[in-house]
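First comes the structure, then the notes that go with it.
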Amino acid sequence: MKEPGLDNRYRDQHPPKAGEIRQKRSDTLNKNLPQPIPQFSPNAKLGTMREETGKVSERGVRQEAKKIRPEK
């Protein structure tokens, strides 16, 4: 059986992304993330947060949001 990766997501099995952990979907709401990003509205979509920060990974978005928007 497959072993879950980061945050219970599975690694891609087929090239060219073999071994990479799948990214969260862009339509995921901030309030539904394991740890919501406080600099954004609970109803903000992850895709919107990615556009504003210029980062793709959830971790990258979180770090860049701290720089761009001070915590409320």
Please report the closest heavy-atom contact between Ala44 and Met49, naming both atoms and the distance. O-CE, 4.0 Å
To the nearest 0.5 Å, what is the distance between NZ on Lys24 and CG on Asn32? 9.0 Å
Minimal heavy-atom distance between Arg62 and Gln35, with the atoms involved, is NH2-O, 2.6 Å
Tightest non-hydrogen contact, residues Ser26 and Arg50, listed as OG-NH1, 3.3 Å
Under the rule for side chain to side chain donor-acceptor pair (under 3.5 Å), what residues qualify as partners of Lys45, not counting sequence neighbours? none
Can you name the nearest heavy-atom pair linking Ile68 to Thr53, along with the distance? CD1-CA, 4.0 Å
When you measure from the side chain of Asn30 to the backbone of Ile37, do you find a donor-acceptor pair of N or O atoms at a distance under 3.5 Å? yes
Heavy-atom closest pair (Gly60 atom, Ser57 atom, distance to 0.1 Å) is N-OG, 2.9 Å
